[in-house]
Amino acid sequence: MTEKKRTELDWQDIRVFLALGRHGSLSAAARLLAVNHATIARRLRSLEASFGEKLVERRPTGYVLTPAGHRMLAAAGDMESAIQTLGRGGQDGTPRGLVRVNAPPGLALGFLIERLAQVPARFPGLDIDLAADVRAVSLDRHVADIAIRLGRPADGDVIAKPLGSMAYGFYGTPEVCSGVEEGGELVFVGFDEINADLPEAAWLARQYPQARVAFRANNQVGQAIAARTGVGLTLLPHYIGRQDPALRYCPMPATPPAREIWLLTRRLDRKNIAVRTVVDAVVQIFQGNEALFVA
């Protein structure tokens, strides 16, 4: 006998499904929500019973959403946004609640953290979660409320604001730069193999195919730290190189083209007080530091 579909959805079941759908594993969802695996599995079964359809499939690589699961994730994300909106603005119009920002690791670690962390101090009811990902995250999956991207976005129903452009240069210790300028061997600090397809990593490999890469790191802040030891020259966005007193700019015959920086938000959040507050703060941060980024 087929179990009769229940019609009442439990918000706690939906919260668990959102975490599982976004992160793809019981372990990640359990850590995020501070519950055990059994609770995640039980909540998922409850939601599937209420919805009347299978929402996820378990595979060796983790949990994968079914077509019904994708529809549920979009609807559940909209529900979450609506609930957060109710708490993201007091009666006096002050921003309240959590706003999640996603940015590339270099921008997050080398520029945004120090500046964006000052915003909640001005708005005691506002919290910011800044996450760093090399690969672009989807706002549709509601992993973030604001995404800062490199390159012109091709997303669908989002609001995109240009923040400026990011130019590059070569940096190293004074000793390393002097050696290069005197015609010494080119030795680089670069990206690890997993990120070898990133535009600046691919450009460096094409431009200097025979050069030794003595040290590799998965983000540009790590590369700058490594370059301080004198292990080699590194290709950095100017905003990182210019802020590091241990490194100096090393003129080279060519540098990769500058990349555009964009800020993305969901249209659904355009009237959200908390999201708008953080968007305005990010725009002001970039406008006030334009000289760090340009060639």
Side-chain angles (χ1 to χ4, degrees), residues 15 18-19 22-24 28-29 31-34 77 80-81 84-85 87-89 94-151 153 155 158-166 195 198 217-225 236-240 242-244 259-266 268-270 272-290 292-293:
R15 285 184 66 244
L18 279 168
R22 288 166 176 166
H23 298 283
R31 286 195 301 270
L32 181 68
L33 300 175
E80 181 188 51
S81 293
Q84 290 173 344
T85 297
R88 284 176 169 174
T94 58
R96 299 185 184 281
L98 176 66
V99 176
R100 296 163 298 174
V101 181
N102 187 274
L107 274 172
L109 300 174
F111 179 71
L112 279 173
I113 285 181
E114 181 180 359
R115 295 164 175 87
L116 201 54
Q118 299 173 32
V119 177
R122 301 201 304 266
F123 303 98
L126 178 66
D127 301 326
I128 294 177
D129 180 336
L130 176 60
D133 287 285
V134 173
R135 310 297 170 178
V137 301
S138 171
L139 292 180
D140 291 339
R141 293 176 70 87
H142 292 259
V143 176
D145 303 300
I146 298 169
I148 298 173
R149 300 263 188 89
L150 299 181
D155 301 60
V158 299
I159 298 172
K161 294 177 179 289
L163 294 174
S165 62
M166 185 174 77
N195 296 300
L198 294 178
N218 68 357
N219 69 79
Q220 291 149 330
V221 172
Q223 292 163 19
I225 293 171
L236 295 174
H238 284 307
Y239 73 87
I240 294 178
R242 287 170 177 161
Q243 294 185 96
D244 195 324
R259 299 183 68 184
E260 296 176 333
I261 308 171
W262 289 80
L263 183 149
L264 279 64
T265 55
R266 289 182 292 270
L268 181 68
D269 292 332
R270 64 187 180 277
N272 186 299
I273 297 172
V275 172
R276 285 206 326 262
T277 299
V278 178
V279 165
D280 291 344
V282 171
V283 170
Q284 291 171 10
I285 286 170
F286 276 88
Q287 288 177 343
N289 291 276
E290 182 181 4
L292 280 176
F293 288 82

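When a residue number appears, it is its place in the shown sequence, counting from 1. Since this is a predicted model, take the numbers as computed values, not measurements.
The structure places CE of M166 at 9.5 Å from CZ of F286, a figure rounded to the nearest 0.5 Å. Here the CD1-CZ distance, from I128 to R100, works out to 13.0 Å after rounding to the nearest 0.5 Å. Taking CH2 of W262 as the reference point, atom CZ of R149 lies at 12.0 Å (rounded to 0.5 Å). Atom CD1 in I225 sits 12.5 Å away from atom CD in Q220 (nearest 0.5 Å). In this structure, L112 CG and L130 CG are separated by 6.0 Å, a value rounded to the nearest 0.5 Å. Atom CG in L163 sits 12.0 Å away from atom CG in N289 (nearest 0.5 Å).
Between the side chain of Y239 and the backbone N or O of L107 there is at least one donor-acceptor pair closer than 3.5 Å. Formation of a donor-acceptor pair under 3.5 Å by the R115 side chain with backbone atoms of F111 is found in this model. In this structure, N195 contributes its side chain and L198 its backbone to no donor-acceptor pair below 3.5 Å.
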(request) Step by step, work out the side-chain contact (heavy atoms from CB on, under 4.5 Å) result for T277 and F123. (result) CA-CA 9 Å; T277 299; F123 303 98; 3.6 Å; yes
(request) Test E260 against L150 for side-chain contact (heavy atoms from CB on, under 4.5 Å), laying out the working first. (result) CA-CA 6 Å; E260 296 176 333; L150 299 181; over 6 Å; no
(message) Show, in sequence, the C-alpha distance, side-chain angles and deciding distance for K161 and V279, and conclude whether the side-chain contact (heavy atoms from CB on, under 4.5 Å) test is met.
(response) CA-CA 9 Å; K161 294 177 179 289; V279 165; 3.8 Å; yes
(request) Go through the steps for L292 and Q243 under the test side-chain contact (heavy atoms from CB on, under 4.5 Å), then give the verdict. (result) CA-CA 8 Å; L292 280 176; Q243 294 185 96; 3.9 Å; yes
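Of all heavy-atom pairs spanning I273 and T94, the tightest one is CG2-C, 4.2 Å. The two residues A132 and P105 come nearest to each other via the heavy atoms CB-CA, 3.7 Å. Contact detail for A274 and P95: the closest heavy-atom pair is CA-CB, 3.7 Å. Across G106 and V221, no two heavy atoms sit closer than the pair O-CG2, 4.0 Å.
Checked against salt bridge (charged side-chain N to carboxylate O under 4.0 Å, His left out), E290 has no partners two or more places apart in sequence or in another chain.
Of the listed residues (N272, V99, I146), just one forms a side-chain contact (heavy atoms from CB on, under 4.5 Å) with T265, and that residue is I146.
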